[in-house]
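Keep in mind that the numbers below use all heavy atoms, side chains included, and drop hydrogens, waters and symmetry copies. Letters A, B, ... mirror the listed sequences (proteins, then strands); counts begin at 1.
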Amino acid sequence: MKYTSEIDKKWQKYWQENDIFKVDLNDNSKPKYYCLVMFPYPSSELHVGHARNYIIGDAVARYKKMCGKNVLSPMGWDAFGLPAENQAIKNKIHPRDWTLKNIKRITQQLKSWGIGYDWDREVTTCLPDYYKWTQWLFIELYKKGLAYRKEAPVNWCESCKTVLANEQVISGKCERCSNEVIQKNLRQWFFKITAYAQRLLNDLELLSQWPQRVKTMQDNWIGRSEGVTIQFPIDGEHYILDCFTTRVDTIFGATFIALSWEHPFIEEIIKEAPNKDEIKNFIEKVKNQPLSARLIDSFEKEGIFTGKHAINPLTGKKMPIWIANYILTGYGTGAIMCVPAHDSRDLEFAKKYDLEVIKVIHDPKSKEDKTNDLESAYEGKGALINSGQFDNLPSLDAQEEIALYMEENDIGKRAINYKLRDWLVSRQRYWGAPIPIIYCESCGEVPVSEDKLPVLLPEVEKFLPTGQSPLTYIKEFTDVKCPKCSGQAKRETDTMDTFVDSSWYFLRYISPKEKDQPFLSHDVNNWLAVDQYIGGVEHAILHLMYSRFINKFLKDQGWINFPEPFTRLFTQGMIVKSGAKMSKSKGNVVAPDYIIEKYGSDTMRLYILFMGPPQKDAEWQDEGLQGCWRFIQRALRLVDMVKEFGEEPLEEDLTQEKILLTKTHLTIKEVTKDLEGNFQFNTAISRIMELVNQTYKCLNEGSIRKDVFKEAVQTMFLLLAPFTPHISEEVNQILGNEPTILNHSWPQVKQEYLEVKEVEIAVLINGRVRDKISIDVGWSEDKIKDQALALEKVKKQLSDKSPKKVIYVDKKIVNIVI
RNA sequence: GCGGACGUGGCGGAAUUGGCAGACGCGCUAGACUUAGGAUCUAGUCUCGUAAGAGGUGGGAGUUCAACUCUCCCCGUCCGCACCA
């Protein structure tokens with residue numbers, strides 16, 4: 001039997017016509033299993049680099065199905081947003097046409113790879129029946145005060161001509177186009193994800209089956225820190241300046257204050273400053289620095305004195321107030337107390353502008369040194385010095401004591417700060433779900449009522465980004481009546497971030513055709529959380545945190561009853577070619593069509609699963625693909641041999657038969673273990689290869705009865721079924737079973753075949769292998785040791801001396817110490 | 001700078017409650033079959049050595065009968081965050 005693309009087509013047709021992957025949500029006879037892969041941006045057709053995700057997902061789904069689970073494996077399209085729109089613009093096609101064309105093409109690709117989905121549940125985020133509910137979600141958030149509009153400094157990509165969320169700025173550059181991101185003051189829509197910061201952090205503990213790496217990244221991104229917000233009176237003024245610090249124990253060393261250029265007090269503070277113009281120039285300069293400039297090592301700290309002073313509430317000393325370029329605007333209060341002796345950044349600044357340095361923490365490793373002329377700041381903990389009544393206290397105790405003292409005297413309050421910022425969701429782009437808000441002159445912001453949803457995205461010819469949403473120019477869209485007072489009003493023209501669309505799609509799969517609700521809570525509660533989620537690590541923060549947030553919000557509103565959307569997460573590595581990520585511009589894309597045509601889709605699937613541990617990056621090599629092709633042919637030849645096999649054994653000696661039986665069941669055991677572990681497809685496949693090799697070897701070396709041989713062959717194709725479904729179906733049928741192989745249960749280990757009477761163990765002398773002996777498992781330890789000591793090689797090494805020690809490890813080794 | 005992961009043949013990678021290092025695949029070598037094929041089969045393939053043997057998992061130390069695996073130090077690579085006060 002030879003593997004041809006006819007076999008692929010035959011079984012793809014069979015699966016489709018017999019609805020093999022259609023799920024009955026109400027079938028309670030089997031446990032449910034929701035297997036989800038991150039749905040693609042249909043911004044271009046797929047190449048083998050994309051394929052890994054879907055092939056892994058399909059292998060998992062098929063395996064679980066064979067294990068008797070009621071498996072839901074759906075597919076859809078993250079169709080709105082920058083990825084598709086940017087590609088459409090490049091190709092001079094309308095985003096809608098471009099997207100729908102790609103969806104058609106990718107569907108056909110996935111089918112040609114034999115990926116089994118319940119296509120009746122397909123969701124497409126750019127279609128009104130879906131984005132109606134994305135808009136609904138926006139309004140739900142709005143009603144609870146979790147969607148709001150404010151003017152703030154925001155990230156702006158000049159190339160994409162839109163604002164971006166913090167999460168979409170990678171090292172100061174745009175996540176999509178890698179252009180420099182700048183800060184602009186704009187009035188924008190935000191989701192209040194910060195209200196969920198603590199819960200998003202706490203519930204990471206519920207995610208025991210997520211990769212630690214992803215959890216650590218989210219933990220860092222949320223960035224909780226505990227400290228004290230201290231109130232600094234301003235000399236000669238009646239108002240108070242708040243500063244957050246995590247090191248309140250260094251308060252006696254705080255010698256100046258630094259404000260960010262955005263601080264709300266600046267206007268007031270510099271009102272009477274003689275160098276007001278100079279200050280304004282400085283602010284202007286800092287404002288226009290690109291974000292990424294801060295990331296460079298040579299970024300120089302600069303500042304300007306405001307002329308005002310704050311009072312250190314514990315020392316009573318005057319602290320000059322500066323404006324400095326290294327102070328972050330959005331974190332804490334945008335103002336900090338500076339302790340140059342114990343903060344390297346403050347020290348750098350203090351040295352440059354000749355500001356006072358006072359040591360207040362004793363570095364236990366340094367010698368007694370009272371001078372304040374420091375080389376570097378000591379940022380560690382230690383006993384307090386120069387700190388009045390708190391002298392000699394260790395840092396941690398001092399933090400407690402001083403916080404207490406401040407709270408008692410109304411100088412400061414304990415506080416918690418997060419790095420996490422609210423999620424900026426509005427975009428000045430065409431290809432997205434319109435934000436369902438109407439602005440009325442008399443009523444203000446009014447959400448579109450649910451029965452008026454969806455707010456349809458108008459069909460336009462001019463969709464190119466200009467910096468204003470293209471919807472702004474469409475009168476029929478913008479001009480509406482106020483839903484409250486029926487007066488003249490205007491629609492919001494910005495569209496939503498794609499990540500809003502994808503933050504809830506896994507719920508819609510459960511009720512994809514539901515007209516009156518986003519989903520049916522009852523079914524969703526039965527089928528979620530997702531048992532297994534599979535996708536790229538690039539979404540470790542973005543999509544995975546937004547989805548967690550939305551999930552928690554919907555739970556709070558009573559729509560769902562589970563705290564986390566994804567029970568288990570698997571992040572697969574990238575497939576690279578010539579050391580680089582596959583991309584058209586680099587010209588290293590491997591197209592799957594050609595491979596499938598020449599080797600069949602099972603070969604591609606097998607190779608992608610075999611090429612390395614799935615969570616790690618792997619290099620595509622055509623030779624590796626050929627190896628898998630050879631393996632498949634070699635395994636299929638055994639099927640022909642089964643058909644031609646005689647019924648009776650040729651000889652009485654059944655040694656080979658026993659070896660094969662043991663190997664068959666050992667393979668079942670090991671492959672199952674690999675799949676139940678962390679999806680070690682590469683080792684699972686290597687074990688099946690061993691079984692194939694062993695089968696050939698046994699056939700060559702002795703006599704085997706047909707049923708044992710057939711069992712070995714049948715088993716290998718059952719074990720291969722999640723990886724190479726087409727040939728497995730074919731072989732299953734040839735061997736006389738009814739399709740589909742997915743209804744055939746996963747092979748079970750028969751323990752009796754694993755119990756062997758004889759094992760070969762290694763004999764070591766001083767930890768080095770010298771010889772091997774076969775032992776009967778019934779032998780006593782002493783007998784085994786004697787046998788080992790009687791070996792020629794051992795005697796030679798011993799040369800009349802007696803061994804110091806002999807150690808036996810059960811069925812593994814004898815180690816003789818000389 | 002902080003946090004995390006990792007380092008094994010010519011290559012992708014196996015093996016970690018400490019127990020035969022290099023499974024499986026690629027590549028390579030030799031042979032067989034074959035009137036050329038990028039097919040198949042057999043044998044071999046960590047290093048040095050004809051062999052007996054010796055050495056070997058980034059480097060160095062340590063624990064142990066036994067270390068890729070555990071401890072300490074150093075070197076290197078990759079990833080994430082990045083002036084978060």
Side-chain angles (χ1 to χ4, degrees), chain A residues 170-172 211-221 223-225 227 243-248 250 254 258 292 294-297 299 301 324-339 342-346 348-349 379 417-421 537-538 540-541 573 606-607 610-613 615-631 633-634 637 670 680 682-693 696 700 760-772 796 803-818:
Chain A
I170 311 293
S171 300
Q212 189 53 51
R213 178 161 75 124
V214 174
K215 287 190 281 184
T216 307
M217 280 165 74
Q218 292 208 2
D219 192 322
N220 293 341
W221 190 261
R224 177 193 157 104
S225 51
C243 296
F244 174 74
T245 179
T246 53
R247 289 297 302 270
V248 74
T250 63
S292 64
R294 286 171 166 263
L295 304 177
I296 305 165
D297 280 343
F299 179 74
K301 292 185 177 39
N325 64 348
Y326 70 99
I327 309 304
L328 293 169
T329 351
Y331 185 77
T333 63
I336 61 163
M337 68 172 210
C338 296
V339 187
H342 303 291
D343 184 295
S344 53
R345 298 157 299 181
D346 297 345
E348 187 188 330
F349 193 81
E379 296 182 329
N417 258 301
Y418 300 91
K419 290 188 203 174
L420 184 70
R421 307 295 147 76
V537 76
E538 67 273 15
I541 293 173
L606 191 71
Y607 174 53
F610 181 62
M611 62 198 304
Q615 68 278 13
K616 281 174 70 177
D617 290 354
E619 169 88 25
W620 179 275
Q621 282 169 329
D622 290 339
E623 294 82 5
L625 185 76
Q626 280 176 34
C628 289
W629 165 252
R630 277 200 285 269
F631 164 73
Q633 300 302 340
R634 193 168 138 83
R637 273 200 301 279
E670 297 293 333
Q680 296 157 71
N682 54 329
T683 51
I685 292 165
S686 76
R687 294 186 201 284
I688 302 170
M689 287 171 168
E690 281 183 59
L691 175 59
V692 171
N693 293 344
Y696 273 104
N700 282 339
E760 191 179 56
I761 64 164
V763 178
L764 286 67
I765 296 172
N766 291 338
R768 253 204 121 74
V769 186
R770 294 295 159 170
D771 209 344
K772 303 207 164 170
K796 201 175 142 196
K804 232 195 236 168
K805 208 172 182 182
V806 181
I807 294 145
Y808 172 63
V809 180
D810 191 37
K811 287 176 210 156
K812 282 196 176 134
I813 55 156
V814 175
N815 191 15
I816 298 162
V817 187
I818 301 178

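- Considering only residues two or more places apart in sequence or on other chains, A:Glu619 meets the side chain to side chain donor-acceptor pair (under 3.5 Å) condition with none of them.
- Atom NZ of A:Lys215 is separated from atom P of B:G3 by 19 Å (rounded to the nearest Å).
- A distance of 15.5 Å separates CD1 of A:Ile816 from CZ of A:Arg768, quoted to the nearest 0.5 Å.
- In this structure, of B:G13, B:A85, B:G19, it is B:G19 that holds the atom nearest to the side chain of A:Val809.
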Test side chain to side chain contact (heavy atoms under 4.5 Å, CB included) applied to A:Glu348 and A:Tyr326, step by step: CA-CA 11 Å; A:Glu348 187 188 330; A:Tyr326 70 99; over 6 Å; no
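- Here the straight-line distance linking atom CE of A:Met611 with atom CG of A:Asp617 works out to 10.0 Å at 0.5 Å rounding.
- Nucleic acid contact for A:Lys804: none, since no nucleic acid atom lies under 4.0 Å from a heavy atom of the residue.
- Under the 4.5 Å side-chain criterion, counting only non-hydrogen atoms from C-beta, A:Ile813 is not in contact with A:Ile761.
- Taking side-chain N and O atoms only, A:Lys805 has a distance below 4.0 Å to OP1 or OP2 of B:C65.
- Counting only heavy atoms from C-beta outward, the side chains of A:Gln680 and A:Pro613 never approach each other to under 4.5 Å.
- The partner of B:A52, taking Watson-Crick or G-U wobble pairs whose two distances both stay under 3.5 Å, does not exist in any strand shown.
- Within 4.0 Å (heavy atoms only), A:Gln626 reaches at least one base atom of the nucleic acid.
- Taking a pair to require two hydrogen-bonding distances under 3.5 Å in either a Watson-Crick or a G-U wobble arrangement, B:U77 pairs with B:A5.
- Checking B:U64 for Watson-Crick or G-U wobble geometry (two distances, each under 3.5 Å) identifies no partner in any strand.
- When heavy atoms are screened at a 4.0 angstrom cut-off, A:Ile541 is found touching no nucleic acid atom at all.
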Filtered N/O pairs between nucleotides 52-57 of chain B and protein, under 3.5 Å:
residue : atom : partner  : partner atom : Å
B:A54   : OP2  : A:Arg770 : NH1          : 2.9
B:G55   : N7   : A:Arg768 : NH2          : 3.4
B:G56   : N7   : A:Arg768 : NH2          : 3.4
B:G56   : O6   : A:Arg768 : NH2          : 3.2

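- Summarising the base pairing, B:G22 is matched to no nucleotide, lacking a Watson-Crick or G-U wobble pair whose two defining distances lie under 3.5 Å.
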Pairs: protein N or O with nucleotides 10-12 of chain B N or O, under 3.5 Å:
residue : atom : partner  : partner atom : Å
B:G12   : O2'  : A:Met611 : O            : 2.7

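- A:Tyr607 has its ring centre less than 6.0 Å from the ring centre of A:Trp620.
- Side-chain atoms of A:Ser225 and A:Tyr418, non-hydrogen and from C-beta on, never get closer than 4.5 Å to each other.
- Of the C1' atoms belonging to B:U45 and B:G10, the separation is 11 Å, rounded to the nearest Å.
- Taking atom P on both B:G25 and B:C41, the two are 11 Å apart, rounded to the nearest angstrom.
- On the C1' atoms, B:C74 is 40 Å away from B:U29, given to the nearest whole Å.
- For a distance-only test at 3.5 Å, the side chain of A:Lys772 qualifies as a donor-acceptor partner of the base of B:C20.
- For the P atoms, the distance from B:C33 to B:G27 is 23 Å, rounded to whole Å.
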Per-nucleotide protein contact along nucleotides 40-48 of chain B, 5' to 3', at a 4.0 Å heavy-atom cut-off (B base, S sugar-phosphate only, - neither), is SSS------
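- The 5' end of RNA chain B is approached more closely, in terms of each residue's nearest nucleotide, by A:Val817 than by the other of A:Asp346 and A:Val817.
- A:Trp221 CH2 to A:Lys419 NZ: the interatomic distance, rounded to the nearest 0.5 Å, is 9.0 Å.
- Checked against B:A85, B:C24, B:A14, the side chain of A:Tyr331 finds its nearest nucleotide in B:A85.
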I'd like a list of close polar pairs between nucleotides 4-9 of chain B and the protein, N/O only, cut-off under 3.5 Å.
none

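- The same atom, C1', is picked in B:G58 and in B:U8; the two are 10 Å apart, to the nearest Å.
- Using a 4.0 Å heavy-atom cutoff across all strands shown, A:Ser225 reaches sugar-phosphate atoms only and no base atom.
- Heavy atoms of A:Gly627 sit under 4.0 angstrom from primed sugar atoms or phosphate atoms, though from no base atom.
- Taken to the nearest 0.5 Å, the CG atom of A:Leu691 stands 12.0 Å off from the CD atom of A:Glu670.
- Residues A:Ile807 and A:Lys301 both approach RNA chain B. Their nearest nucleotides, taken by heavy-atom distance, put A:Ile807 toward the 5′ side.
- Taking atom P on both nucleotides, B:G76 is separated from B:G22 by 31 Å, rounded to a whole Å.
- For the P atoms, the distance from B:U40 to B:G53 is 38 Å, rounded to whole Å.
- Note: A:Asn220 CG to A:Lys215 NZ = 13.5 Å, rounded to the nearest 0.5 Å.
- Partner assigned to B:U69 is none, using Watson-Crick or G-U wobble distances below 3.5 angstrom.
- Look at B:A43: its Watson-Crick or wobble partner, with both distances under 3.5 angstrom, is B:U29.
- Comparing the P positions of B:A15 and B:C79 gives a spacing of 25 Å, expressed to the nearest Å.
- Under the 90° criterion around 0 for the glycosidic angle, B:G76 counts as anti.
- Across all strands shown, A:Asn693 has heavy atoms under 4.0 Å from sugar-phosphate atoms exclusively, and none from any base.
- Partners of A:Asn766 under the side chain to side chain donor-acceptor pair (under 3.5 Å) rule, at least two apart in sequence or in another chain, do not exist in this structure.
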